[in-house]
Amino acid sequence: MAMNNGSSASSKGLIVSFVSGVSLAEAPGFLKAPGGAPANVAIAVTRLGGRAAFVGKLGDYEFGHMLAGILKENGVSGDGINFDKGARTALAFVTLRADGEREFMFYRNPSADMLLTPEELNLELIRSAKVFHYGSISLIVEPCRSAHLKAMEAAKDAGALLSYDPNLRLPLWPSAEEAREQIMSIWDKADVIKVSDVELEFLTGSDKIDDESTMSLWHPNLKLLLVTLGENGCKYYTKNFHGGVEAFHVKTVDTTGAGDSFVGALLCKIVDDQAILEASIKTVILYDEARLREVLRFACACGAITTTKKGAIPALPTVSAAHGLIKGE
């Protein structure tokens, strides 16, 4: 997801269970819910008043064009979208189990997003981005992996802030070892990284969600490392300070897209104010930590609101909705 302008490479059709608390096999029916992490982030940005573009590949048939249409209807530029006549858009069946965790089943054999080539990239669009946001799913197979790496390089060379959310989906990887290796292969390129508590445990091999474990993932060029903790808010780490921000408590219906909403809100706020991440002297550090906490509180509010409806895109909030939740606390 390239924003202001911004970009990435995965959109899919989410098929969400009508009821919660059951396995995929037990689900009596499913609701069509377009999404995919980078697409969700792009729409989160535009719904909050920012500008975003999507870079990726969809199947050249009704479902693929429907997804492209939804992006455009939500203000996301489609100048980076390609279509493949020989492959379908990926599908993901999702249900919320009784223990509150989501269960996924993916259909990609291969899907159109996996077939994006470096030559198909709209490099002019990518180079115009102030922020280039991406995940790790596009690293799984060629040629999409090479396209991903080329897009990252083009964005970085043009001066964009690189934002990375691994968005771990183990069923898509050949093995856990391969997932960990590939996710970490581009780790030191990112300026901003967001991981969930589950991803932190997976990447560090530790069951501890603490500062020591988190800082083992720090790299010298990193500006901001975030760990989202669900109902416990988030932790933040910069070169000069670290801390936590509490979550907003809402009636949760579906957690799909909450992390994407959080990321979209964060990027929308810092795209024109990256100085928050660059503090160097103590007085500035104190001021910038307060500003960063304010941004993260806004991002937490956006993430919380997204959990109050089924499906990610319909639940992504506006600025007024986020401010309303913040003022109501």
Side-chain angles (χ1 to χ4, degrees), residues 1-12 36-42 44-45 50-58 71 76-82 111-169 172-173 178-195 199 203 217-226 259-260 263-264 266-268 270-271 274 277:
M1 191 279 307
M3 60 172 293
N4 260 26
N5 292 322
S7 140
S8 187
S10 176
S11 180
K12 62 178 69 72
N40 294 341
V41 173
V45 167
R51 294 169 55 210
F54 180 83
V55 176
K57 200 169 194 180
L58 302 169
L71 285 166
V76 176
S77 169
D79 290 347
I81 297 176
N82 294 270
S111 55
D113 60 294
M114 300 163 70
L115 303 177
L116 180 69
T117 68
E119 295 72 27
E120 291 173 316
L121 294 171
N122 183 339
L123 294 177
E124 183 179 353
L125 174 69
I126 292 168
R127 289 173 181 139
S128 72
K130 291 184 178 179
V131 174
F132 186 77
H133 176 73
Y134 49 88
S136 67
I137 291 173
S138 47
L139 298 174
I140 297 174
V141 297
E142 293 290 357
C144 190
R145 175 178 166 78
S146 291
H148 180 133
L149 297 177
K150 183 175 181 179
M152 280 178 53
E153 182 181 13
K156 189 70 171 180
D157 288 347
L161 185 83
L162 297 192
S163 168
Y164 186 20
D165 179 356
N167 196 36
L168 178 66
R169 295 290 180 264
L172 294 177
W173 290 90
E178 176 75 5
R180 189 178 293 107
E181 179 181 345
Q182 293 300 331
I183 287 171
M184 296 305 297
S185 71
I186 58 170
W187 197 260
D188 63 354
K189 305 294 184 184
D191 301 297
V192 175
I193 297 175
K194 192 281 286 185
V195 294
E199 290 163 345
L203 293 172
L217 295 177
W218 186 265
H219 69 75
N221 298 318
L222 193 57
K223 296 179 179 178
L224 177 63
L225 176 60
L226 295 160
D260 303 327
V263 170
L266 168 73
L267 296 180
C268 201
I270 68 173
V271 66
Q274 295 182 28
L277 311 177

Got a sec: does the CD of Glu124 have more than 12 other heavy atoms crowding it under 6.0 Å? no
Heavy-atom pair of closest approach, residues Tyr134 and Met152: OH-CE, 3.7 Å
I'd like to check the salt bridge (charged side-chain N to carboxylate O under 4.0 Å, His left out) partners of Glu120; sequence neighbours left out, ordered by chain and number. Lys57
Which heavy atom of Trp218 sits nearest to which heavy atom of Leu224, and what is that distance? CH2-N, 4.5 Å
Are Ile81 and Leu71 packed together at the side-chain level, in the sense that at least one heavy-atom pair is separated by less than 4.5 angstrom? yes
So Leu266 and Val192, do their side chains get closer than 4.5 Å, heavy atoms only? yes
Mind checking the CG-CD1 spacing from Leu149 to Ile186? Nearest 0.5 Å is all I need. 7.0 Å
Does the pair Ser185 and Arg145 meet the rule for a side chain to side chain contact (heavy atoms under 4.5 Å, CB included), with working shown? CA-CA 11 Å; Ser185 71; Arg145 175 178 166 78; 3.9 Å; yes
Nearest 0.5 Å, what's the CD1-CD1 distance between Ile140 and Ile183? 8.5 Å
With sequence neighbours left out, the residues meeting salt bridge (charged side-chain N to carboxylate O under 4.0 Å, His left out) with Lys150 are none
Within the side chain of Ser77, is there an N or O that forms a donor-acceptor pair under 3.5 Å with the backbone of Ala53? no
Which atom of Pro118 lies closest to which atom of Pro143, heavy atoms considered: CD-O, 4.1 Å
Let's go through His133 and Asp165 carefully: what are the C-alpha distance in whole Å and the side-chain angles of both, what is the deciding distance for side chain to side chain contact (heavy atoms under 4.5 Å, CB included) to 0.1 Å, and is it a yes or a no? CA-CA 8 Å; His133 176 73; Asp165 179 356; 3.7 Å; yes
Here the gap from Trp187 atom CH2 to Leu217 atom CG, rounded to the nearest 0.5 Å, amounts to 5.0 Å
Write down the atom of Asn122, the atom of Asp79, and the distance for their closest heavy-atom approach. ND2-O, 3.0 Å
Partner residues of Arg127 under the side chain to side chain contact (heavy atoms under 4.5 Å, CB included) criterion, sequence neighbours left out: Leu123, Ala154, Ala158
Under 3.5 Å, is there a donor-acceptor pair between the side chain of Glu153 and the main chain of Asp157? no
Go through the steps for Leu203 and Met184 under the test side chain to side chain contact (heavy atoms under 4.5 Å, CB included), then give the verdict. CA-CA 8 Å; Leu203 293 172; Met184 296 305 297; 4.0 Å; yes
Among all residues two or more places apart in sequence or in another chain, which pass the side chain to side chain contact (heavy atoms under 4.5 Å, CB included) test with Asp191? Lys156, Leu161, Leu162, Lys223
Using only atom types and a distance under 3.5 Å, with no angle test, would you say the side chain of His219 pairs donor to acceptor with the backbone of Ala190? yes
Of Leu226, Leu267, Asp260, the one forming a side-chain contact (heavy atoms from CB on, under 4.5 Å) with Lys194 is Leu226
List for me each residue that meets side chain to side chain contact (heavy atoms under 4.5 Å, CB included) alongside Ala44, sequence neighbours excluded, and say none if there are none. Leu316
The criterion is side chain to side chain contact (heavy atoms under 4.5 Å, CB included); which residues satisfy it with Ala179, sequence neighbours excluded? Leu168, Leu170, Trp173, Phe202
To the nearest 0.5 Å, tell me how far Asn221 CG sits from Asp188 CG. 7.0 Å
Within the 4.5 Å heavy-atom criterion, are Ile137 and Arg169 side-chain neighbours or not? yes
What one should report as the nearest heavy-atom pair of Ser163 and Val263 is OG-CG1, 4.4 Å
Specify the closest pair of heavy atoms between Gly135 and His148, including all atoms of both residues, with the distance to one decimal. O-CE1, 3.1 Å
Distance in Å, Leu121 CG paired with Glu119 CD, rounded so as to fall on 0.5 Å steps: 8.0 Å
